[in-house]
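Computed from a predicted structure; not experimentally measured. Just so we're on the same page: letters track the sequence lines, and every chain starts at 1.
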Amino acid sequence: MLLPIENRRYANEITADDDGERVSIAGWVHEKRDLGGVLFLIIRDRAGYVQITLQKRRVEKELFEKAKKVPRESVVVIDGIVKSEKKAPNGYEIIPIPGHGRIEILSVALHNLPLDTTGKVGAELDTRLDARFMDVRTERTKHIFIIRSMVQRAIRDFLSERNFIEINTPKIVSSATEGGTALFPISYFEREAFLNQSPQLYKQMLIASGFDRVYEIAPIFRAEEHDTTKHLNEAASVDVEVAFVSDETVMKLLEELIAHVYSTVSLYPGLKSINVQLEVPKIPFKRLRYDEAIEIILDAGEQIEWGVDLSSSAERILGEAMGEHYFITDWPYTIKPFYVQFTGSKDKGKGKDTCDAFDLMHPRLELASGSQRVHSYELLKENIESKGLSVDSFEFYLNAFRYGMPPHAGWGLGIERLLMSMLELDNIREVVLFPRDRRRLVP
RNA sequence: GCCCGGGUGGUGUAGCGGCCUAUCAUUGAGCCCUGUCGAGGCUCGGACUCGGGUUCAAAUCCCGACCUGGGCGCCA
């Protein structure tokens with residue numbers, strides 16, 4: 001390597017004040033502007049753009065020709081002097097050093113790029129996903145994924161500050177977590193196994209281990225054939241479980257987490273290239289009981305019976321009525337999983353048995369769901385049986401409830417849904433680098 | 001899984017029976033141009049998803065396959 005590439009500066013580490021300094025820059029050739037006697041190369045790195053200016057009269061002929069011929073999106077290193085220049089973008093440009101000046105091409109890009117990285121010509125999502133590596137070179141997409149990283153870091157910071165232990169649970173499992181969703185079967189040596197739909201059972205088992213506050217950020221897999229803008233077959237979930245607390249406590253934790261994530265992201269300057277105005281939601285979020293939600297939906301003229309899950313249009317009606325984040329609480333017991341705590345007395349006598357479960361809703365879609373859990377071995381076993389599931393296949397889980405299991409509550413939050421709702425994106429695939437959906441397995 | 005749209009140069013599009021030897025932008029090649037920042041000007045190259053059918057004539061109409069966008073269902 002001829003150039004000091006490892007001491008290179010990022011675009012945002014140079015200013016007009018560095019006038020006269022010798023620097024090296026490494027990146028992709030974003031644009032070339034050939035004016036005949038002067039040639040501008042716009043080099044893009046992770047942090048931004050730097051203009052390299054070559055004046056035909058002042059540089060060696062070979063260097064000028066080389067710069068003129070370098071294909072867009074090629075990777076180059078440039079060694080030059082910073083020159084303060086009002087006419088240049090950002091108020092400075094890099095001038096290759098006379099006599100020593102050099103532009104080294106580290107990797108030549110093919111032409112006929114799969115998509116335009118400058119934003120002049122758009123591309124459809126499908127085209128972008130096929131060439132995702134190049135799509136991430138565009139401003140908007142790059143910032144979406146930097147924000148995704150910020151969000152995950154903010155969540156980890158928030159939870160570890162509150163004394164949570166980050167855990168890792170298996171993604172290859174022997175049986176379904178809770179029924180309901182379809183699982184992907186895989187071959188595990190001589191046996192059949194599945195990809196995990198949720199860490200639910202394992203995080204609860206760790207509550208019995210004495211880790212009284214746990215969380216995991218990990219993929220979940222759902223084999224549903226849905227093909228919509230808000231579903232994925234592989235998604236990322238933040239799962240939290242807390243011992244010795246009620247559902248109300250974990251709801252507070254959840255809303256505080258959401259507010260924390262929003263306020264962290266709202267400071268990010270890259271938001272403007274996604275064209276979104278981020279308002280930190282006010283907490284506490286409104287609480288809406290399931291029966292109140294049903295009233296609102298019926299008042300809007302939509303047919304719905306007490307005891308069923310909410311349809312997409314029902315969710316929309318509620319979203320419009322609420323206008324901001326809200327919780328739906330007191331769900332019918334029959335539509336929630338066996339590990340959810342039965343409320344018991346709240347609606348006694350009405351034949352409408354509820355449970356201590358909640359969903360966190362954004363006006364556009366559901367973000368999270370959680371509950372107070374059953375911690376009695378007997379009750380849990382009974383629930384598994386009454387939901388028509390096999391007690392035998394849950395033995396490994398039930399065992400954890402027989403030797404000292406504290407009361408506990410928790411939730412699972414979809415990271416992609418949080419991101420798409422926060423960034424006002426129409427398609428959940430926008431926030432996944434390499435999404436897995438009904439049709440897409442590559443790249 | 002069901003219902004409704006759509007597949008035109010690398011990308012994004014116009015055209016929707018004959019005027020298509022297919023529009024425009026961007027990209028690429030070449031030329032002119034010393035301050036561009038969506039640089040500009042001129043020249044050139046590059047496409048009708050595939051298969052079958054209707055018709056004197058198909059990018060255009062019909063059928064099938066594949067791909068794709070949206071809605072519903074399922075689901076988080």
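Checking each of Gln51(A), Arg44(A), Lys120(A) against Glu31(A) for a side chain to side chain contact (heavy atoms under 4.5 Å, CB included) leaves exactly one that passes, namely Lys120(A).
Taking the centre of each ring, Phe394(A) and Phe338(A) come in below the 6.0 Å mark.
When the P atom is compared between A22(B) and A59(B), the two are found 12 Å apart, to the nearest whole Å. Of the P atoms belonging to G51(B) and C32(B), the separation is 45 Å, rounded to the nearest Å. For the C1' atom pair drawn from G15(B) and U60(B), the interatomic distance equals 9 Å after rounding to whole Å. Comparing C48(B) with G12(B), their P atoms sit 16 Å apart, to the nearest whole Å. A distance of about 16 Å separates the P atoms of U55(B) and C62(B), rounded to the whole Å. With both ends at atom C1', the span from G40(B) to G35(B) equals 13 Å, rounded to whole Å. Using atom P as the reference point in both C24(B) and C16(B), the two lie 16 Å apart (nearest Å). Atom name C1', nucleotides G73(B) and C3(B): the rounded distance is 11 Å, in whole Å.
Phosphate proximity of G70(B) to Asn427(A): present, with a side-chain N or O under 4.0 Å from OP1 or OP2. Regarding contacts with the backbone of G71(B), every side-chain N or O of Ser312(A) stays at 4.0 angstrom or more from both OP1 and OP2. Regarding contacts with the backbone of C72(B), a side-chain N or O of Arg316(A) is found under 4.0 angstrom from either OP1 or OP2. Between Thr127(A) and G12(B) there is a side-chain polar atom (N or O) within less than 4.0 angstrom of OP1 or OP2. The side chain of Arg439(A) contributes an N or O atom lying less than 4.0 Å from OP1 or OP2 of G69(B).
Rounded to whole Å, atom P of C67(B) lies 17 Å from atom CG of Leu125(A). Nucleotide C72(B) holds its P atom 10 Å from the NE2 atom of His231(A), rounded to whole Å.
Listed for the Glu430(A) side chain is no donor-acceptor partner under 3.5 Å among the backbone atoms of Asn427(A).
Counting only heavy atoms from C-beta on, Arg417(A) has its side chain closest to C75(B) among C75(B), G73(B), G1(B).
No salt bridge links Asp330(A) with Arg289(A); every basic N to acidic carboxylate O contact stays at or beyond 4.0 Å. Between Arg9(A) and Asp18(A) there is a salt bridge, since a side-chain N of the basic residue sits under 4.0 Å from a carboxylate O of the acidic one.
In this structure, Asp116(A) reaches neither bases nor backbone, as no heavy-atom distance under 4.0 Å exists between it and the strands shown.
Aromatic ring orientation, Phe285(A) versus His325(A): parallel (interplanar angle below 30°, classes split at 30° and 60°).
The heavy-atom pair separating Leu195(A) from Val173(A) by the smallest distance is C-CG2, 4.4 Å.
Under a cutoff of 6.0 Å and an axis angle of 45°, Arg213(A) and Tyr215(A) do not form a cation-pi pair. Under the 6.0 Å distance and 45° angle rule, Lys387(A) counts as a cation-pi partner of Tyr333(A).
Side-chain contact, Ser273(A) with Glu139(A): no donor N or O sits under 3.5 Å from an acceptor N or O.
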Can you give me the dot-bracket string for RNA chain B, 5' to 3', counting Watson-Crick and G-U wobble pairs with both distances under 3.5 Å, using [ ] for crossing pairs and | for partners on another strand? (((((((..(((.....[.....))).(((((.......)))))....(((((..]....))))))))))))....
Scoring nucleotides 28-39 of chain B by protein non-hydrogen atoms under 4.0 Å (B base, S sugar-phosphate only, - none) yields S-S--BBBBBBB
